[in-house]
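Before any comments, here is the structure.
A, B, ... follow the sequence lines: proteins, then strands. Residue 1 opens every chain.
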Number of protein chains: 2
Amino acid sequence: MDRPEAYPITYGVLGLLAYWGPLSGYDLKQLFDHVLSAMWSAAHSQIYNELKRMKGLGWVEMEREEQESRPDRKVYSITPAGRAALESWQQQPPAVLQLRDELLLKMMFGSFAPPEAISENIRASIALHEQRLLQYRQTTQHLPVRDQPRQASGRPNPYASQEEEDIYFRLVSRFAINFEQTYLNWLYEAMEVLEEQNEE
Amino acid sequence: MDRPEAYPITYGVLGLLAYWGPLSGYDLKQLFDHVLSAMWSAAHSQIYNELKRMKGLGWVEMEREEQESRPDRKVYSITPAGRAALESWQQQPPAVLQLRDELLLKMMFGSFAPPEAISENIRASIALHEQRLLQYRQTTQHLPVRDQPRQASGRPNPYASQEEEDIYFRLVSRFAINFEQTYLNWLYEAMEVLEEQNEE
DNA sequence: ATTTCCATGTAACGCGTTACATGATTGG
DNA sequence: CCAATCATGTAACGCGTTACATGGAAAT
């Protein structure tokens, strides 16, 4: 059977190139951390690998920007073949969501831990998720400028206008915020339940 | 630097053995699918590997139950060393939550897809998560009987009574349900937003 | 008749993580 | 002074997934 030539993370990189325009590997890492971290994370090493893979597939092109006293920026842009691949991917059923959360796992077996250990873990988790919630609410900071050049062949995206494009971005941001709020509510509730239990 | 001798999934198996009592690899797979799937999934091949690893560490013991016309059941139970490892794990800070969701990734770049493709993906996702929500609401079906034998050396769990143990189980179940509800609400909202957009 | 359940494993493979490697510039 | 930012890669490693392997009993 054929092995797939690309994976979700490949399309994550490709999608960012389609949406944000030409970007370097470094830029892509920033975007992953600030925009996609809620649904798919990536190490910088992996991003560079995906760029190499996609260059081999002809989905992206690379142009070298020379710089002094720093490594040259290698700026990647999506090709027509890349756009076709992105569209084709969109028409295949997505893999099911996966959640991996060691805190939940520890909570599940909380009865085998000293009560202080659990409380401490919950406290740390609250701090973490409060911070994330803040970050999601002001995502637009620290993002590379979106610079989508018009090509001679017409609009690069045949499916949506600039405004319509933002609908998706807003929807996904909303999800990230909803999720963090739900998680935090649960953490606070867990904290209360466990405190009550300790008093009795 | 030392490589860790165990991973979250190792402790998932270990915790189930501590909580549910002696279990076979097959039982453990059922429990993972019905109890832990919300926070950590596992293939059966991996469970058998973890059991092997833990036996090498002395964290579990195996007893063979002979059967006719079927492979023998190998029933594993946790050892005192295993309990110590579980408790020690509980006192270390948990790794941060990770979410991987290809649907969200596709939504992010929804402007590069034919609108019908997105709607179709959302519909399928709604069906999936409605089903999961139902499952979480009636989890206690299909579970192996919990059979925690009293040992000569006293209560197996020094931290919590039977009733207190269930608090954690209930808290985590509650989380799974909250999560699915939040996800579903968002999916329905996304559906509406996209339908409105198509009408204009 | 065919799917599901019971029951246990091995083998191949690669995505994703962590660590290694380098080095000038800027801000606190 | 020291940490962070900018900037790009390679190497090692293994967790986790998918596929392979087997086969009787029971249910639909």
Side-chain angles (χ1 to χ4, degrees), chain A residues 1-13 23-34 36-37 39-55 62-76 95-96 98-100 102 105 141-144, chain B residues 1-13 23-34 36-37 39-55 62-76 95-96 98-100 102 105 141-144:
Chain A
M1 223 179 278
D2 290 326
R3 216 162 285 280
E5 57 193 358
Y7 306 87
I9 207 163
T10 321
Y11 294 106
V13 176
L23 293 167
S24 71
Y26 188 88
D27 293 334
L28 283 161
K29 171 60 174 161
Q30 305 305 310
L31 282 172
F32 255 93
D33 289 349
H34 293 282
L36 298 188
S37 63
M39 64 210 81
W40 216 284
S41 64
H44 77 270
S45 62
Q46 209 179 348
I47 290 171
Y48 288 114
N49 273 335
E50 293 304 325
L51 286 171
K52 199 194 290 178
R53 182 214 302 277
M54 292 173 81
K55 210 181 152 204
M62 190 264 281
E63 214 167 335
R64 188 178 291 266
E65 269 182 25
E66 278 173 42
Q67 292 189 131
E68 298 158 25
S69 79
R70 221 169 265 194
D72 291 353
R73 277 170 60 88
K74 296 188 180 175
V75 178
Y76 293 83
V96 295
Q98 274 209 356
L99 189 65
R100 304 237 144 137
E102 212 180 341
L105 200 58
Q141 261 73 12
H142 307 297
L143 296 188
Chain B
M1 220 176 280
D2 289 328
R3 217 162 283 282
E5 58 193 358
Y7 305 87
I9 208 163
T10 321
Y11 294 106
V13 176
L23 294 166
S24 70
Y26 187 88
D27 293 335
L28 284 161
K29 170 61 174 160
Q30 306 305 310
L31 282 171
F32 256 94
D33 288 350
H34 293 282
L36 297 187
S37 63
M39 63 209 83
W40 216 285
S41 65
H44 77 269
S45 61
Q46 209 180 349
I47 290 171
Y48 288 113
N49 273 334
E50 293 303 325
L51 287 171
K52 200 194 291 176
R53 182 213 303 275
M54 292 172 81
K55 209 181 155 206
M62 191 263 281
E63 214 166 334
R64 187 179 292 267
E65 268 181 26
E66 279 174 40
Q67 291 190 129
E68 298 156 26
S69 77
R70 220 171 266 197
D72 291 353
R73 277 171 60 88
K74 295 185 179 176
V75 178
Y76 294 83
V96 294
Q98 273 209 355
L99 189 64
R100 303 237 145 137
E102 210 179 343
L105 201 57
Q141 261 72 12
H142 308 296
L143 296 189

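Side-chain contact between B:R73 and B:S24: present, with at least one pair of heavy atoms (C-beta onward) separated by less than 4.5 Å. Residues B:L36 and A:L105 have side chains in contact (heavy-atom distance under 4.5 Å, counting atoms from C-beta outward). Side-chain contact between A:I47 and A:F32 is present, with at least one heavy-atom pair separated by less than 4.5 Å.
Note on B:R64: nothing from the nucleic acid sits closer than 4.0 angstrom, heavy atoms only. Within the 4.0 angstrom heavy-atom criterion, no nucleotide atom of any strand lies near A:E50. Across all strands, B:K29 comes closer than 4.0 Å to no nucleic acid atom at all (heavy-atom distances).
With rounding to the nearest 0.5 Å, the separation of CZ in A:R100 from CD in A:E102 is 11.5 Å. Between the CG atom of B:L28 and the CG atom of B:L23 there is a distance of 5.0 Å, given to the nearest 0.5 Å. Atoms CD and CZ, from A:Q46 and A:R53 in turn, are 9.0 Å apart once rounded to the nearest 0.5 Å. We find the CE-OH distance between B:M62 and B:Y76 to be 5.0 Å, quoted to the nearest 0.5 Å.
The terminal axes of the helix from C:dA1-D:dT28 to C:dG28-D:dC1, fitted over 5 pairs per end, subtend an angle of 60° to the nearest 10°.
Counting to the nearest Å, the P atom of D:dT8 and the CG atom of A:N49 are 14 Å from each other. With rounding to whole Å, A:F32 atom CZ is found 15 Å from D:dT8 atom P. If you measure from atom CD of A:E5 to atom P of C:dG14, you get 14 Å, rounded to the nearest angstrom. D:dT10 atom P lies 12 Å from atom CG of A:L51, rounded to whole Å. Atom pair B:Q98:CD and C:dG16:C1' shows a separation of 9 Å (rounding to whole Å applied). A:Y11 places its OH atom 13 Å from the P atom of C:dG16, with the value rounded to the nearest Å. Rounded to whole Å, atom C1' of D:dT17 lies 14 Å from atom CG of B:D33. Rounded to whole Å, the distance from CD1 on A:I47 to P on D:dA7 is 15 Å.
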Side chains of residues 4-12 of chain A: which donor-acceptor partners sit under 3.5 Å, not counting sequence neighbours?
residue, atom, partner, partner atom, Å
A:Y7, OH, A:P4, O, 3.3
A:T10, OG1, A:Y7, N, 2.9
A:T10, OG1, A:Y7, O, 3.1
A:T10, OG1, A:E50, OE1, 2.8

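The side chain to side chain contact (heavy atoms under 4.5 Å, CB included) test with B:V13 is passed by exactly one of B:N49, B:L51, B:L31: B:L51.
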Where along nucleotides 3-8 of chain C does protein come under 4.0 Å, by heavy atom, of base (B) or sugar-phosphate alone (S), with - for untouched nucleotides?
--SBBB

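Between the B:D72 side chain and the B:Q67 main chain, a donor and an acceptor come within less than 3.5 Å of each other.
Between A:S41 and C:dT17 there is a side-chain polar atom (N or O) within less than 4.0 angstrom of OP1 or OP2. Look at B:Q46 and you'll find a side-chain N or O under 4.0 angstrom from OP1 or OP2 of D:dT17. At least one side-chain nitrogen or oxygen of B:R100 sits closer than 4.0 Å to the OP1 or OP2 atom of C:dG16.
A residue-by-residue look at B:K52 and A:S45 shows that B:K52 has its nearest nucleotide of DNA chain C further toward the 5' end.
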